[in-house]
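Before any comments, here is the structure.
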Amino acid sequence: MHPDHTAPTSTPPAPSRGGRRLRNIVITMALGATMFAVGAVMLTPGANTAPRTGHGRYEAPRGSIEALQARVTRLPKDSGGWAALGMAYVQQARSTADPATYDRAEKALRTSLSVQGEGNTDAETAMGALAAARHDFPTALRWARKAITSGPYSSSAYGVLADAHTQLGHYEEADKAVQRMTDLRPDAASLARASYAFELKGNTARARALMQRSLAAAATPADEAFAHSVLAGLDLQDANPREALARTQTALRTTPTDSALLESRARAYLALGDTTKAVADYRTAIAVAPLPHYLLGLGELEQALGHRERAAENYDLLRAQDRIREAADDPADTDAILFEADHGYPRHAVTLAEETLRNRPFVAVHDAYAWALHRAGRNTEALVQADKALAQGTRSALFRYHRAAIHHALGDPEAARRDLTEALREPGFHPLHADAARDLLQRIDTTS
């Protein structure tokens, strides 16, 4: 799911290195324990780090949070008002990466359910959306089923159901839920989920057509920005970074502080070799919302450029976020697993992946587990997980590179060559691994 991003009305100038580090550490501690969970809400199968959990979009309640707060103050027994406020908080938390807002969302939704315990479809749907945002997908599934029982014609409830099934690895059930959602209401949210269903299967042409329809149905600038960001990601998967750049530049004229668009443009610049502008966009996106995959993307880009201290600043922030996650006993997201595998302790990355996989057997988690196993020297097991990551047909250059490295380690250069060739169809797919993929392919070609 890709949350909307709201941002300050203006972007402050970049502070000095020391000041930026102090400010970011303060921000990190304020974000709290669900930061890594929020990060995965952002990513697509073609992203630099971990795939996004999908194109989940929920119908935004009418009125601002302030207006909804006034409404429930005036009408404290209005279950619908409390449900709308809770969903508004969920949407706000996705935009700001502020876990305290998730707590406010839960409080509002629990109040709604205390006022109306049965047949409260809106609150049940929002509770499912909240659980999904927190990466508690078994709980999201339970709430979605409850919402569909009380409101069998609620397209939003089927959206939560689709998201939960997808992340739990129930891909056929997810497709059925998406189809039902689209049948009930072919709007921007349902079409975005349909797009993602095809993207997971590697059918980027169909995914693009459906996302274009979602864009046409978009009701707000934020919805339009979301669609443009997804389409830019598809452009990158299709090895068309110039189209991705043009698309994001156009969209940013309307929503100049949308962090997802900024990160998409950063990846387009990276693919085109303009690392200066890529770094600038990553930094601006982080100033809006310091999400883990932004920090990891920038850190690895700075590392690739030889800027060790700047890379270390981003890695320090990621480690601080993960300490907060561990203190809250939350499962690791794929960003945390990949970061630990590449920049920390691979054996610990394996442990993190195994814990996450128990309740989230999604393709991205299989890929992260595969890479952790490879980095820990357990390549036979790693290949099993890498195959699972690609079993749906997902067109991810990073997944392909990971499996290529595993094949090569197992003494199968031909299989490695096939995966490397596919990975390198997407230029600049990763700040560090794209160069490693080219080097490995050259070594294979030289020695074969």
Side-chain angles (χ1 to χ4, degrees), residues 1 3-4 6 32-34 37-38 41 53 56-165 167-168 177 180-181 184-185 187-190 193 219-220 222-223 328 330 359:
M1 290 166 285
D4 297 330
T6 56
T34 62
V38 175
V41 169
T53 59
R57 301 280 287 173
Y58 304 100
E59 183 180 2
R62 295 181 180 179
S64 66
I65 285 179
E66 292 76 13
L68 291 168
Q69 288 171 333
R71 174 179 167 180
V72 297
T73 299
R74 187 175 68 256
L75 301 169
K77 296 298 183 181
D78 180 5
S79 63
W82 284 109
L85 178 60
M87 180 59 89
Y89 280 137
V90 173
Q91 299 284 39
Q92 184 185 67
R94 287 174 172 157
S95 301
T96 62
D98 180 4
T101 308
Y102 286 125
D103 294 337
R104 288 191 285 272
E106 182 169 4
K107 183 177 180 180
L109 295 173
R110 294 289 182 189
T111 302
S112 177
L113 290 165
S114 70
V115 173
Q116 181 185 343
E118 297 297 328
N120 193 341
T121 304
D122 290 344
E124 292 160 355
T125 300
M127 285 292 287
L130 174 62
R134 287 171 159 171
H135 276 199
D136 184 354
F137 295 106
T139 298
L141 182 62
R142 289 194 293 273
W143 279 111
R145 286 171 169 165
K146 186 174 179 65
I148 287 167
T149 299
S150 63
Y153 299 103
S154 169
S155 64
S156 295
Y158 277 98
V160 177
L161 183 69
D163 296 341
H165 276 312
Q167 295 300 310
L168 291 168
R180 180 58 174 158
M181 183 187 188
L184 288 168
R185 189 173 181 180
D187 60 1
S190 61
R193 281 184 176 80
T220 67
D223 289 342
D330 289 334
N359 289 314

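Everything numeric here is computed off the predicted structure, so don't read it as measured data.
- Across all their heavy atoms, Pro76 and Val115 have their closest contact at O-CG2, 4.0 Å.
- Residues Tyr153 and Arg180 form a side-chain contact, since some pair of their non-hydrogen atoms from C-beta on lies under 4.5 Å apart.
- Note that CG of Asp136 and CD of Gln167 are 12.0 Å apart. Values are rounded to the nearest 0.5 Å.
- Expressed to the nearest 0.5 Å, how far CG of Leu109 lies from CG of Asp122 amounts to 10.0 Å.
- In terms of modelled atom types and a separation under 3.5 Å, the side chain of Asp103 and the main chain of Glu106 share no donor-acceptor contact.
- Contact check for Leu168 versus Pro138: side-chain heavy atoms found under the 4.5 Å cut-off.
- You'll find the side chain of Phe137 stays beyond 4.5 Å of the side chain of Asn359, heavy atoms only.
- Using a 4.5 Å heavy-atom cutoff, the side chains of Arg104 and Leu85 are not in contact.
- Proximity of a side-chain donor or acceptor of Ser190 to a complementary backbone N or O of Arg185 within less than 3.5 Å is detected.
- Proximity of Val160 to Trp143: side-chain heavy atoms (C-beta onward) are nowhere separated by under 4.5 Å.
- Here Leu161 contributes atom CG and Ser154 contributes atom OG; the two are 10.5 Å apart, rounded to the nearest 0.5 Å.
- Side-chain atoms of Thr139 and Arg134, non-hydrogen and from C-beta on, never get closer than 4.5 Å to each other.
- Looking at every heavy atom in both residues, Met87 comes nearest to Ala126 through CE-CA, 3.7 Å.
- In plain terms, the two heavy atoms of Gln116 and Glu118 that are nearest each other are NE2-O, 3.2 Å.
- Asp330 is not listed as a side-chain neighbour of His135, based on a closest heavy-atom distance of 4.5 Å or more.
- In this structure, the side chain of Ser112 engages the main chain of Ser79 through a donor-acceptor pair within 3.5 Å.
- Between Ala147 and Ala157, the closest heavy-atom pair is CB-CB, 3.8 Å.
- The backbone N or O of Arg110 sits nowhere less than 3.5 Å from a side-chain atom of Trp82 that would complete a donor-acceptor pair.
- Between the CG atom in Asp187 and the CG atom in Asp223 there is a gap of 9.0 Å [rounded to 0.5 Å].
- Closest non-hydrogen pair, Gly119 versus Ser150, comes out as CA-CB, 3.7 Å.
- Between the CD1 atom of Ile65 and the OH atom of Tyr89 there is a distance of 6.0 Å, given to the nearest 0.5 Å.
- Taking each heavy atom of Leu184 and Pro152 in turn, the nearest pair found is CD1-O, 4.2 Å.
- In this structure, Arg193 and Asp163 have side chains that are in contact, with non-hydrogen atoms separated by less than 4.5 Å.
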